[in-house]
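Excluded from the calculations below are hydrogen atoms, water molecules and symmetry mates; all remaining heavy atoms, backbone and side chain alike, are included. Not measured: the values here are computed from a predicted model. Chain A is the first sequence line, chain B the second, and so forth, proteins listed ahead of strands; every chain is numbered from 1.
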2 protein chains.
Amino acid sequence: MRRSIQKEKNSYHHGHLAESLLDAVDEIATRFGLEAVTLRACAKLAGVSPSSAFRHYADKRALLTAFATRALKQLSAAMADAKSHARIQGNNEFSAVGLAYVEFALDKPAFFRAMWREETIYTNDEEYIAAARQLSAHLQSGFADTIEDKDPNSFSPQEILAWSAVHGLANLFVEGPVGKGATKTEKLQLATEMIRTLAPALNSAE
Amino acid sequence: MRRSIQKEKNSYHHGHLAESLLDAVDEIATRFGLEAVTLRACAKLAGVSPSSAFRHYADKRALLTAFATRALKQLSAAMADAKSHARIQGNNEFSAVGLAYVEFALDKPAFFRAMWREETIYTNDEEYIAAARQLSAHLQSGFADTIEDKDPNSFSPQEILAWSAVHGLANLFVEGPVGKGATKTEKLQLATEMIRTLAPALNSAE
DNA sequence: TAATAAATGTACACACTGTTCACATATAAT
DNA sequence: ATTATATGTGAACAGTGTGTACATTTATTA
């Protein structure tokens, strides 16, 4: 049963406005980019007056924080998926997880931007922190069979390197000059090569 | 001879408003963050009316593009510096260049954010593209003695990897959850370790 | 069931933003 | 000296986030 973003006609209350506003951010960010996400536009899309948003979110930044949190969870899910698929098919799990990370950025650039933006979200929000923590856990577990880990609670240089490389490429694709004219397939190809190149650095003896 | 941002009193014309506006962006971004950079605030800081900015920049985005271009050049200069220092002292040049990259992000986070932001700058601006190209050239030349390169005009997987890793760590520091409570020294230490860990992947035979 | 409380949505207002346009003033060219 | 060009101004406009007093619906309780 899929609920509509819009408020039902002739009804005063919306019913699930908090979530619908997130859907509206989703829709607008996807179609017109993150800068086009405006509180009033979201409210209009939900069929509701602008000020009603403040019943559910303290301010715009709180709404964007909630959206970023949702995006983090989506990425986590995609990575978990990629990992289990790789496990079944006997492929390298780190490569699969890393590719899923880059692919998410390519498919949903606005989401990827939204979730790493200190200045537009509350990075000390509890749920956001929890989602970010879960994401890094997924990353770590994705590296698990590639990187020999000592302390699973802190990041080793190898893990930092792996995360940085994948995160950096995703960023260069989304915001930077890398792969400007290339197709998605070509970019993923490049990502695959990069990850393959990275491998020797990850399991070298200390 | 250092020129002031402010317009001289009792003078109608400013004299070097275009540059002063960039200085104003610099100042405000440094002190209050990128989101606080407003056209009106920049104009006020330059001692000039808001609309005067449009004599020099088509719109706010053009101003931010010019600022991003300037930031790119500053980063390029810092990297060139680091490289020649390393060469003199006989240290690893790639490590020095990579560290300079990360250090710039740590010292001037707002600048680092500003220069990679597709949605707030004109990434097809000529000068911006030129500056970005020069930056990547500096990166490549920094890697020169570490990575055996075939075609100096296109990026090899190793070069992409190196750039991604350094860029990714810088981003995770600036926007992400990595190194949240750590001092600058500790972060640079972490960067050094990451780069050292990366080394084996860069000069492995194909 | 009737009365009341709490939650949720609205209308209007406010300060602030980027931007435009007719106008003012200074500098350059003739 | 006159004219053209460059540069800065003031007032206006629509659009933004947000606060506040009010309206309406749902939940709670007597």
field: A:E127, CD atom: more than 12 neighbouring heavy atoms under 6.0 Å
entry: no
- prompt: If every non-hydrogen atom of B:F112 is compared with every non-hydrogen atom of B:F104, which pair is closest and at what distance?
  reply: N-CE2, 4.4 Å
message: Rounded to whole Å, how long is the line connecting atom CZ of B:F54 with atom P of C:dG18?
response: 8 Å
task: Carefully, step by step, assess A:E175 and B:R117 under the rule salt bridge (charged side-chain N to carboxylate O under 4.0 Å, His left out).
output: CA-CA 6 Å; A:E175 308 272 14; B:R117 258 260 214 306; 5.7 Å; no
field: Value in whole Å for how far the P atom of C:dT20 lies from CG of B:L39
entry: 11 Å
Residue whose nearest DNA chain D nucleotide is more 5′ - B:R40 or B:L17: B:L17
- request: Go through C:dT10, D:dT18, D:dT9 for me and flag the one nearest to the A:P50 side chain.
  value: D:dT18
- prompt: Is there side-chain contact between B:E35 and A:T120, with heavy atoms separated by less than 4.5 Å?
  reply: yes
message: By the 4.0 Å heavy-atom rule, please label A:T38 as base, sugar-phosphate, or nothing.
response: sugar-phosphate
- prompt: How long is the line joining CD of A:E35 and P of C:dG18, in whole Å?
  reply: 13 Å
- prompt: Given atom CD1 of A:I28 and atom P of D:dT16, what is their separation to the nearest angstrom?
  reply: 10 Å
message: Less than 4.0 angstrom between a side-chain N/O of B:S52 and OP1 or OP2 of D:dG8, yes or no?
response: no
query: Is the distance from OP1 or OP2 of C:dA7 to the nearest side-chain N or O of A:H56 less than 4.0 Å?
result: no
message: Distance check, rounded to the nearest 0.5 Å: B:E159 atom CD versus A:T197 atom OG1?
response: 11.0 Å
Between C1' of D:dT9 and NZ of B:K44, the distance in whole Å: 16 Å
message: Whether the side chain of B:S51 and the base of D:dA11 hold a donor-acceptor pair under 3.5 Å is what I'd like checked.
response: no
- prompt: For DNA chain C, which residues in residues 121-128 of chain A have a heavy atom at a distance below 4.0 Å?
  reply: none
message: Can you measure A:L64 atom CG to D:dT16 atom P for me and round it to whole angstrom units?
response: 14 Å
- request: Ignoring the backbone of B:D59, work out which of C:dT19, D:dT18, C:dT8 is nearest its side chain.
  value: C:dT19
- request: Look at the rings of A:H167 and A:Y101 and say which category their plane angle falls in: under 30° parallel, 30 to 60° tilted, over 60° perpendicular.
  value: perpendicular
task: From the options A:K187, A:K108, A:K184, select the one residue that forms a salt bridge (Lys or Arg N to Asp or Glu O under 4.0 Å) with A:E103.
output: A:K184
